[in-house]
Amino acid sequence: MTDLIIDDALVRWSVPQDERAEALRTRPLLVMMHGYGSFEGDLINLQNFLPKHFVLASPRAPLIAPPPVVDGFAWFQMEDPGNPSPEDGERAVTALLGWLDRVAGTVEGGLSRVSLLGFSQGGAMATHALRTQPERFISVVNCSGFIIDCDMPGDKTLKTTRPPVFWGRDVDDPIITPNAISRTEDWIPGHSTPTIQLYPGVGHSISEQELRDINHFLNRLCPD
């Protein structure tokens, strides 16, 4: 099985390239990961709802989503929503961390304050990256996402460090399976300092109220 790679040229940024290294040296970074069948231009459009002092980066997932999806991408294939294989999760997170290594190499002193935000599959990616390298990220925002079903080396560390994790969803989400929700409900309180919010009626999406709550969550952690 071939390794996955995130294409640096397809990452959307909130800061122009000629200003990026200095911005990343002095400002917090928020990596935004889209859901299944979407693309890198999706979540970056939410930047007006998020703290202005964060640098935002939205990479394109490395897999092409199969038909009936058209022009969409995936972090892992969705044969069973909410239950990807641990191997697929590891491949995708390895690609993400490799891209972050390349970004850090362009910044004097590296990246010091990195948060992750993901929707659906992207939310699973955000928590899985945290479980892979818990020391690397200061917080996670998981929107309508879940925890991948496996034990991770970082889980032991997270039981002690308990970084801030925001988890927002609709209790009647029509996409994420009940066992994935139950698994996430069990994991988050024991491995993070959680902020858990329910948004009835939004389905599998992000509401303006959730964006306001995320803004507050991020601003509280990294004030301007």
Side-chain angles (χ1 to χ4, degrees), residues 2-34 39-44 46-47 50-63 73 75-76 88-119 121-143 145 148 152-158 160-166 191-192 214 217-224:
T2 58
D3 293 339
L4 299 180
I5 297 175
I6 289 175
D7 189 336
D8 297 5
L10 297 176
V11 180
R12 298 281 184 94
W13 291 86
S14 64
V15 174
Q17 184 174 4
D18 60 350
E19 302 174 15
R20 200 171 297 155
E22 177 62 17
L24 289 169
R25 189 183 68 80
T26 58
R27 294 160 57 184
L29 170 64
L30 180 64
V31 179
M32 310 176 76
M33 287 170 283
H34 62 77
F39 77 119
E40 69 279 6
D42 183 9
L43 295 181
I44 198 75
L46 302 178
Q47 60 185 294
L50 299 171
K52 301 296 186 288
H53 61 290
F54 275 72
V55 176
L56 309 183
S58 181
R60 176 184 290 186
L63 297 175
F73 301 89
W75 298 99
F76 31 81
D88 285 350
E90 181 180 359
R91 288 178 72 217
V93 163
T94 297
L96 175 73
L97 297 177
W99 166 73
L100 269 176
D101 286 341
R102 295 195 298 275
V103 173
T106 68
V107 181
E108 182 182 353
L111 299 170
S112 60
R113 293 181 293 168
V114 182
S115 293
L116 303 172
L117 180 153
F119 172 73
Q121 270 199 1
M125 281 289 296
T127 50
H128 210 60
L130 177 68
R131 299 170 71 192
T132 303
Q133 292 188 356
E135 71 287 347
R136 189 163 193 168
F137 306 106
I138 62 171
S139 70
V140 161
V141 176
N142 187 331
C143 302
I148 295 176
M152 294 293 292
D155 287 347
K156 183 177 180 181
T157 298
L158 293 171
T160 300
T161 58
R162 295 180 180 269
V165 171
F166 179 101
H191 298 82
S192 72
I214 292 168
F217 173 82
L218 294 171
N219 266 319
R220 179 166 48 84
L221 294 172
C222 289
D224 191 359

If every non-hydrogen atom of [X] is compared with every non-hydrogen atom of [Y], which pair is closest and at what distance?
X	Y	answer
F54	L29	CD2-C, 4.2 Å
N142	A124	ND2-N, 4.3 Å
H34	P59	CD2-O, 3.6 Å
M32	L43	CE-O, 3.1 Å
T106	A21	O-CB, 3.6 Å
L10	R60	CD1-NH1, 3.4 Å

Stepwise side chain to side chain contact (heavy atoms under 4.5 Å, CB included) check, M152 with L158:
CA-CA 10 Å; M152 294 293 292; L158 293 171; over 6 Å; no

State, with a plain yes or no, whether a side-chain heavy atom of [X] is found less than 4.5 Å away from one of [Y].
X	Y	result
L24	L111	yes
M33	L96	yes
I214	C143	yes
F166	S192	no
V31	W99	yes
T94	D3	no

Main chain of E40, side chain of S58: is a donor-acceptor contact present, judged purely on distance under 3.5 Å?
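Checking the backbone N and O of E40 against the side chain of S58, a donor-acceptor pair under 3.5 Å is found.
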
Heavy-atom donor-acceptor pair, W75 side chain to D88 backbone, under 3.5 Å:
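No, W75 side chain to D88 backbone: no donor-acceptor pair under 3.5 Å.
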
Just grab all the side chain to side chain donor-acceptor pair (under 3.5 Å) pairs involving residues 5-21, residues at least two apart or on different chains.
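Residue pairs with at least one partner in residues 5-21: D8-R102.
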
Distance in Å, R113 CZ paired with T26 OG1, rounded so as to fall on 0.5 Å steps:
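Interatomic distance, R113 CZ to T26 OG1, rounded to 0.5 Å: 8.0 Å.
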
Just wondering, are more than 12 heavy atoms of other shown residues or ligands nearer than 6.0 Å to NZ in K52?
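Check passes, neighbour count above 12.
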
Are more than 12 heavy atoms, taken from residues, nucleotides or ligands other than E90, located less than 6.0 Å from that residue's CD atom?
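12 or below, so no.
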
Pairs of donor and acceptor atoms involving the side chains of residues 217-224, under 3.5 Å and at least two apart or interchain, shall be tabulated with distances.
unit_1	atom_1	unit_2	atom_2	d
N219	ND2	N215	O	3.4
N219	ND2	N215	OD1	2.6

Side-chain donor-acceptor contacts of residues 128-135 below 3.5 Å, not counting sequence neighbours, with atom names and distances?
unit_1	atom_1	unit_2	atom_2	d
R131	NE	D155	OD1	2.9
R131	NH1	I148	O	3.0
R131	NH2	C150	O	2.5
R131	NH2	D155	OD2	2.9
T132	OG1	H128	O	2.7
Q133	OE1	R136	NH1	2.9

